[in-house]
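Have a look at the structure below before the remarks.
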Amino acid sequence: MDIKRKKRRGLQAWVSWWIEKILAASGGITAFIILLIVVFLFKEGVGLFQSPRVDEGYVLLMHSSNEVDQLSADELKGIFDEDITNWAEVGGKNQAITSLRLDQIMDRFTEEELGGEYEYLSQRMGELIATTPGVIAFVPTLYAPLDHPAVQAMTDNTIALRDFFVGKEWIPTATPVPLFGTLPLVMGTLWVSLFAILIALPLGLGVAIYLAELASPRVRSLLKPVIELLAGIPSVVYGFFGLVVLVPWVQRVLDLPVGETAFVGSLILAIMALPTLISVAEESMKKTPRALREASLALGATHWQTIYKVVVPYASSGISAGVVLGIGRALGETMAVLMVTGNAALIPHTLMQPVRTIPATIAAELGEAAAGGSHYQALFLLGAILFLMTLIVNLMAEALAKKQHNKGF
Amino acid sequence: MIKAESIDFYYGEYHALKNISMQMEPNTVTALIGPSGCGKSTFLRLFNRMNDLIEGTRLEGKCWVDGVDIYDKSVDVDELRKRVGMVFQKPTPFPKSIFENVAYGLRVNGIKDKKFIAQRVEESLRGAALWDEVKDKLKKSAYELSGGQQQRLCIARSLAISPSVLLMDEPASALDPISTSKIEELIYSLKEHYTIVIVTHNMQQASRVSDKTGFFMLGELIEYNDTKKIFLNPAMEETQNYITGRFG
């Protein structure tokens with residue numbers, strides 16, 4: 001018997017060699033591109049913590065007698081919104097705060113005093129600050145009278161990790177310092193996704209059980225394509241439907257001030273997650289071995305007992321896969337949610353409030369964020385957070401499936 | 001006691017069982033043998049109405065279990081299946097713990113008494129000669145057992161609901177010789193309390209465990225008699241040919 005390895009020759013061997021290489025390469029390239037995207041997200045985002053809070057080209061000025069030299073982003077916002085009116089509230093001496101922006105400073109002088117080319121602006125500013133001990137002014141560095149003896153520039157910090165991850169306000173356009181608190185966005189995303197699944201799971205499971213166990217072949221062959229068709233509808237159409245139909249309906253029926261709420265977002269996401277959930281769950285239930293079903297019936301179990309005691313447990317890994325795919329879609333879904341949730345960056349306390357999700361924030365704001373600026377970097381970091389959230393969900397799903405596999409489920 | 005009278009059974013157009021009449025006595029093991037596709041499994045599945053699950057089937061004739069016409073309209077199929085246990089060809093443990101597998105039949109019957117369930121589970125596992133092997137791991141998944149243990153678990157599961165009849169559809173065909181002999185011993189000991197009907201492809205098995213044997217071919221019951229008679233001195237030539245391995 002000749003079993004020695006022969007040298008393969010000819011076109012066929014050559015073609016198969018190349019196909020193998022191309023397949024290997026395409027796998028490698030795909031993995032590499034995905035890695036690159038992740039690296040890119042983090043690379044663009046991580047600079048946020050090195051960038052100063054105050055926009056480039058601006059500076060915060062105070063009277064040199066002022067002992068306060070550290071202010072958090074929240075405190076600064078409070079001061080310029082005139083919610084904080086005394087230095088004592090932020091650790092200084094008991095003195096009224098006068099917050100000034102450039103336009104407010106210019107309003108105090110005539111055109112002649114400032115000069116036709118604003119050549120005296122810096123000097124006037126110095127005088128104003130020198131005569132107002134409780135002042136804090138937000139001005140362009142170009143005009144800042146930094147050499148004036150009565151003027152000191154506030155030391156500016158970089159954006160703190162803490163402010164980013166547990167900050168409660170997301171106001172990227174706030175002056176003098178933008179607020180990049182991601183908590184409302186993360187919470188908004190979680191709320192909307194979680195409730196979407198809570199709505200979709202019982203409904204989807206019900207439909208899946210009906211299709212797999214109860215529907216006649218004719219009904220099934222009619223219903224299944226329709227449900228699968230739902231998956232093909234573009235999300236903007238869902239969003240449109242939500243905005244035009246669900247939002248007014250929810251507002252009227254529940255008597256709310258606004259109809260654009262987390263609830264409508266969850267509802268729309270639930271509808272969008274249903275086709276995947278139903279298909280995956282139904283298929284895994286269909287895969288329950290006939291023998292297992294018969295064994296249950298042979299013990300005198302009814303059809304229903306067999307469904308919930310054997311078929312659903314057996315299909316539970318498939319069902320949880322469907323749920324996770326649904327959550328994955330819900331977490332990342334942008335357009336439909338953007339259209340119906342009202343997009344108020346507030347930490348939601350009830351489902352009936354407007355919320356803003358991470359994807360919606362990125363989609364709505366990336367266009368107006370200056371490339372490389374802190375807002376831009378913050379949006380990229382948001383993308384990274386979203387990526388981590390979906391990653392965690394996927395890992396959980398995998399662990400779940402593995403656990404069940406080991407148990408023999 | 002179970003009895004079939006003038007049974008004709010159809011899968012759609014296919015005539016699977018042809019005018020079969022047969023009576024199985026209590027506390028005996030009846031073996032059904034015959035070549036693949038001869039209808040012996042179909043016949044077995046008549047007695048717990050498992051064939052009802054297959055669409056497009058039709059039955060003529062009558063079946064009795066313990067004097068009840070089981071295809072009568074007044075019969076509750078689920079109740080019937082509690083009286084007539086079935087063990088399948090491949091072990092079919094549920095994706096549950098060993099304990100829960102055995103308790104399954106009790107639970108679906110609405111029994112909630114924990115003490116009674118625990119007692120029944122132990123009795124059934126002892127009855128299926130599995131207790132000593134699993135008593136320390138009742139909470140473990142049934143999938144951790146070997147194939148032979150799983151099959152005995154399935155037998156225990158059937159015993160738990162105290163049926164009067166036990167139908168076995170090639171219960172040892174997927175098992176190794178050691179597990180097979182354990183199952184056979186078990187069948188032998190179980191006949192004290194149950195009417196057992198076993199479908200098998202294994203001639204030696206039929207001759208070892210059964211008291212009576214029915215030989216099926218092409219949907220017909222060719223010969224039905226004492227096992228000894230069938231194997232030593234069959235009346236029909238087809239039976240002779242089959243048991244000596246000349247065909248089938």
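Each chain gets a letter, A, B and so on, in the order its sequence line appears, and its residues count up from 1.
In this structure, chain A has no heavy atom under 4.5 Å from any part of B:P163. There is no contact between A:R293 and chain B, counting heavy-atom distances below 4.5 Å. Looking at B:V87, there are no atoms closer than 4.5 Å to chain A (heavy atoms on both sides), in backbone or side chain. Looking at B:F88, the atoms closer than 4.5 Å to chain A (heavy atoms on both sides) all sit in the side chain, from C-beta outward.
Counted by atom type alone, A:E333 and A:S235 present one or more donor-acceptor pairs between their side chains at under 3.5 Å.
Because its NZ or CZ atom is both nearer than 6.0 Å to the ring centre of B:Y104 and within 45° of the ring axis, A:K309 counts as a cation-pi partner of that residue. Remark: B:K139 qualifies as a cation-pi partner of B:F99 under the 6.0 Å distance and 45° angle criteria applied to the six-membered ring.
The aromatic ring centres of A:W191 and A:F195 sit less than 6.0 Å apart.
Between A:F263 and A:T350, every side-chain heavy-atom pair lies at or beyond the 4.5 Å cut-off.
In this structure, B:P171 and B:V199 approach most closely via the heavy-atom pair CD-O, 3.9 Å.
The residues A:E282 and A:K224 are annotated as salt-bridged, a charged nitrogen and a carboxylate oxygen being separated by less than 4.0 angstrom.
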Test side-chain hydrogen bond (donor to acceptor under 3.5 Å, both in side chains) on B:D66 and B:S164; report intermediate values, then the result.
CA-CA 8 Å; B:D66 296 336; B:S164 64; 2.8 Å; yes

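Proximity to chain A at a heavy-atom threshold of 4.5 Å picks out B:R157, B:S158, B:I161 from residues 149-162 of chain B, in numerical order.
Highest contact tally toward chain A, considering only B:M86, B:R83, B:R49, B:M50, is held by B:M50 [criterion: heavy-atom pairs under 4.5 Å].
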